[in-house]
Amino acid sequence: MHILLERVGRGDVRATWLDLSREGVPERMETLALGGLPALVEAEEAGAPGSADRPRWVWDDTRAWYPALLSAGARVERCVDLRLCHVILRGSTLTAATPLARADPGPWDAVVEPEAEAPAVHTALFDLDEPADAAVASPASVRDEFVAQEQAIASSADPRRLRLLLAAESAGALIGVELQYAGLPYSAERHDALLTGLLGPRPAYGRPAVLEGLVRELREQLEAPDLNPDSPPDLLKALQRAGILATSTRSWELRRIEHPVIDPLLRYKKLSRLLTANGWTWLDAWVHDGRFRPDYVPGGVVTGRWATRGGGALQLPRQVRGAVVADPGWKLVVADAAQLEPRVLTGLSGDEAMAAAGRGKDLYEGIVASGAVDARAQAKVAMLGAMYGATTGESGRLMPRLTRAFPRAVRLVEDAARAGERGEKVTSRLGRSSPLPGGRWGEVQSAASAADATEADERRARSLGRDWGRFTRNFVVQASAAEWALCWMAELRNRLTALAPGAAFTASPHLVYFLHDEVIVHTPEELADEVAAAVRASAEQAGRLLFGAFPVEFPVTAAIVDSYAEAK
DNA sequence: GAAAAGGGCGCG
DNA sequence: AAAGCGCGCCCTTTTC
């Protein structure tokens with residue numbers, strides 16, 4: 001049963017019960033005040049979890065509906081996020097022939113401006129004074145859009161995969177809101193202690209003492225009393241005056257130079273980065289009441305990966321992970337999918353040899369054992385090179401050996417690269433397609449094939465083509481890996497709910513962090529082992545959902561710890 | 001004086 | 001060894 005929700009009039013919501021087997025004819029409709037919605041949701045969600053008569057809530061945008069429901073204690077098991085699904089169906093090669101994909105851009109294609117959207121965590125319970133244009137959809141369009149999407153899926157080239165993708169994407173939208181609601185358990189005290197230990201006490205203004213001392217040292221050693229080490233041109237000039245032949249001020253380049261100024265300079269860079277990215281200002285802005293609550297954006301990346309808005313949650317440095325600490329009596333289960341992308345490539349290509357290499361062990365060790373390369377580091381660099389399109393260096397040199405050992409896997413990424421070079425779309429396992437090259441790509445390519453094309457035109461076109469080929473090469477793997485991760489997390493979410501039936505969301509095991517191929521669950525100590533088992537079982541299930549019976553394994557590590565820093 | 005671009009670095 | 005993919009965010013410099 002689908003229940004469509006849309007805003008009507010001022011402060012009302014219309015719920016429409018729709019049974020798809022009845023041609024989109026509504027079973028019943030009900031208009032209620034917004035304040036009454038949590039009660040409706042709770043009543044409809046009260047059935048046995050997972051049973052067929054469970055509702056699937058259909059709305060324009062999960063971020064606009066779910067935070068207030070969650071705050072009111074109304075948890076939702078399943079939804080359809082029409083905005084996210086629309087993006088997928090408009091772009092997918094599997095639905096290219098459908099009316100939904102062929103129509104001119106409409107309101108559902110509008111980019112949602114971050115500032116037009118209420119910050120999810122601060123949304124009051126259905127603010128009645130919300131401006132009228134806040135709703136994305138006009139009153140009639142939720143049902144029209146839902147019906148159009150259903151039609152597009154049904155007439156697509158692979159409805160099963162698309163349905164799975166859209167369900168996973170929508171589950172991701174729910175999880176994104178729940179992650180923010182729960183927050184990552186975070187000790188501001190530990191973070192502050194770490195900063196103070198490395199930088200000195202928090203200054204009222206200006207640089208902390210340790211950084212100030214380093215700047216003084218740099219200025220003396222380089223005999224540049226006005227040096228601003230934060231200015232790359234300034235710094236480069238000072239280095240060159242001191243006889244250091246660097247072409248940039250990047251740390252990895254400086255690291256190879258032997259000179260007494262390099263050590264303090266590298267220390268300055270590291271500490272300065274810590275201060276500006278995750279210093280006290282960051283702490284004040286993002287950590288409150290023992291929780292770090294970043295603003296996740298499911299589907300925020302072209303490949304279907306998530307993005308974040310503010311807080312930099314997906315770049316939380318290893319350096320500060322000791323501040324992520326479980327509550328007393330609780331544990332963190334930190335889970336990481338081992339070598340996810342190469343394993344996804346294995347499944348995509350049906351490469352039996354690579355599946356065997358990854359069976360029961362570290363995939364890179366397995367590649368060494370297969371005789372393709374001599375050392376684990378080589379296996380890793382070769383695989384990354386294949387998936388990213390490396391042509392030079394060690395990675396490029398290893399490609400022929402990798403190709404000989406795993407022809408199917410390598411052919412899959414090569415084919416994706418060639419398609420991109422021709423300006424075609426490529427499509428992930430479940431049906432997310434890459435965008436077409438934009439900007440001046442078309443012009444450049446036609447200029448290069450024109451009769452009067454110069455050599456420079458051709459070079460430029462080839463270079464742009466290769467660039468786009470590397471993007472599509474990586475797209476098929478990264479997008480499919482993102483799908484695996486969504487399925488993993490959605491499955492895990494259901495299993496966690498089942499571990500503590502009837503318990504309030506944040507009083508039972510729940511997801512608190514997601515990082516592409518890694519999740520953290522916050523759980524009462526006594527359930528930690530069961531959570532770890534659920535994490536592994538969910539990974540197996542995700543593998544089956546994407547690749548059926550093909551024997552590619554998806555091992556996950558699951559560490560039961562008090563602090564994130566203790567994992568791996 | 002604001003916006004865009006560039007350099008750099010954190011994460012996967 | 002620092003290339004080859006996807007990001008977000010900070011600071012400085014350049015451009016409008």
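What's counted below: heavy atoms across the whole structure, side chains too, no hydrogens, waters or symmetry copies. Numbers restart at 1 for each chain; the letters A, B, ... are given by sequence-line order, proteins then strands.
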Go through residues 388-408 of chain A and report each residue with a non-hydrogen atom lying under 4.0 Å from DNA chain C, sorted by number.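 Those residues are A:Y388, A:A390.
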For a quick check of understanding: with a heavy-atom distance under 4.0 Å over all strands, which category does [X] fall into, base, sugar-phosphate or nothing?
X      : value
A:R256 : sugar-phosphate
A:T249 : sugar-phosphate
A:R318 : sugar-phosphate
A:R466 : nothing
A:L340 : nothing

Is the A:F471 ring parallel, tilted or perpendicular to the A:F475 ring (thresholds 30°, 60°)?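 A:F471 and A:F475: perpendicular rings.
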So A:Y186 and A:H191, would you call those rings parallel, tilted or perpendicular, with 30° and 60° as cut-offs?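 Rings of A:Y186 and A:H191: tilted, as their planes differ by 30° to 60°.
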With a 4.0 Å cut-off on N to O distance, would you call [X] and [Y] a salt bridge?
X      : Y      : answer
A:E491 : A:R495 : yes
A:K380 : A:E341 : no
A:E414 : A:R418 : yes
A:D295 : A:R63  : yes

According to side-chain contact (heavy atoms from CB on, under 4.5 Å), who are the partners of A:L84, at least two apart in sequence or on a separate chain?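 Partners of A:L84 by the side-chain contact (heavy atoms from CB on, under 4.5 Å) criterion, ordered by chain and then number, come out as A:D81, A:E169, A:A173.
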Return each pair, listed once, that meets ring pair (Phe, Tyr, Trp, His ring centres under 6.0 Å) where at least one residue sits in residues 237-277 of chain A; pairs must be two or more places apart or across chains.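 For residues 237-277 of chain A: none.
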Between A:T303 and A:Q478, is a side-chain hydrogen bond (donor to acceptor under 3.5 Å, both in side chains) present by the stated rule, with each step listed? CA-CA 6 Å; A:T303 58; A:Q478 190 182 116; 2.7 Å; yes
Using atom CZ of A:R473 as one end and atom C1' of C:dC5 as the other, report the distance to the nearest whole Å.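 Nearest whole value for this atom pair: 10 Å.
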Rounded to whole Å, how long is the line connecting atom CG of A:N474 with atom P of C:dA3?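 Roughly 16 Å, once rounded to whole Å.
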First contact, last contact: which nucleotides of DNA chain B are these for chain A, 5' to 3', heavy-atom distance under 4.0 Å?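 Range of nucleotides within reach of chain A: B:dG7 to B:dG12.
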For A:F292 together with A:W282, are the ring centres under 6.0 Å from each other?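 That pair passes the under 6.0 Å test.
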Out of A:I367, A:L412, A:T346, which one pairs with A:F406 under the side-chain contact (heavy atoms from CB on, under 4.5 Å) rule?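 Result: among A:I367, A:L412, A:T346, A:I367 is the only option passing the side-chain contact (heavy atoms from CB on, under 4.5 Å) with A:F406.
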When every nucleotide of nucleotides 7-16 of chain C is labelled 5' to 3' by its protein contacts under 4.0 Å (heavy atoms), B for base, S for sugar-phosphate only, - for none, what sequence of letters results? SBSSSSS---
Can a donor-acceptor pair be found between the side chains of A:T93 and A:T427 at a distance below 3.5 Å?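 Present: a donor and an acceptor within the cut-off.
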Between A:Q378 and A:Y364, do the side chains contain a donor N or O and an acceptor N or O under 3.5 Å apart?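 A:Q378 and A:Y364 do not have a side-chain donor-acceptor pair below 3.5 Å.
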Within the pair A:R305 and C:dG6, is there a side-chain N or O less than 4.0 Å away from OP1 or OP2?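 Negative; the distance criterion is not met.
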Could you tell me, to 10°, how much the axis swings from one end of the helix from B:dG1-C:dC16 to B:dG12-C:dC5 to the other, five pairs per end?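 Answer rounded to 10°: the end axes differ by 10°.
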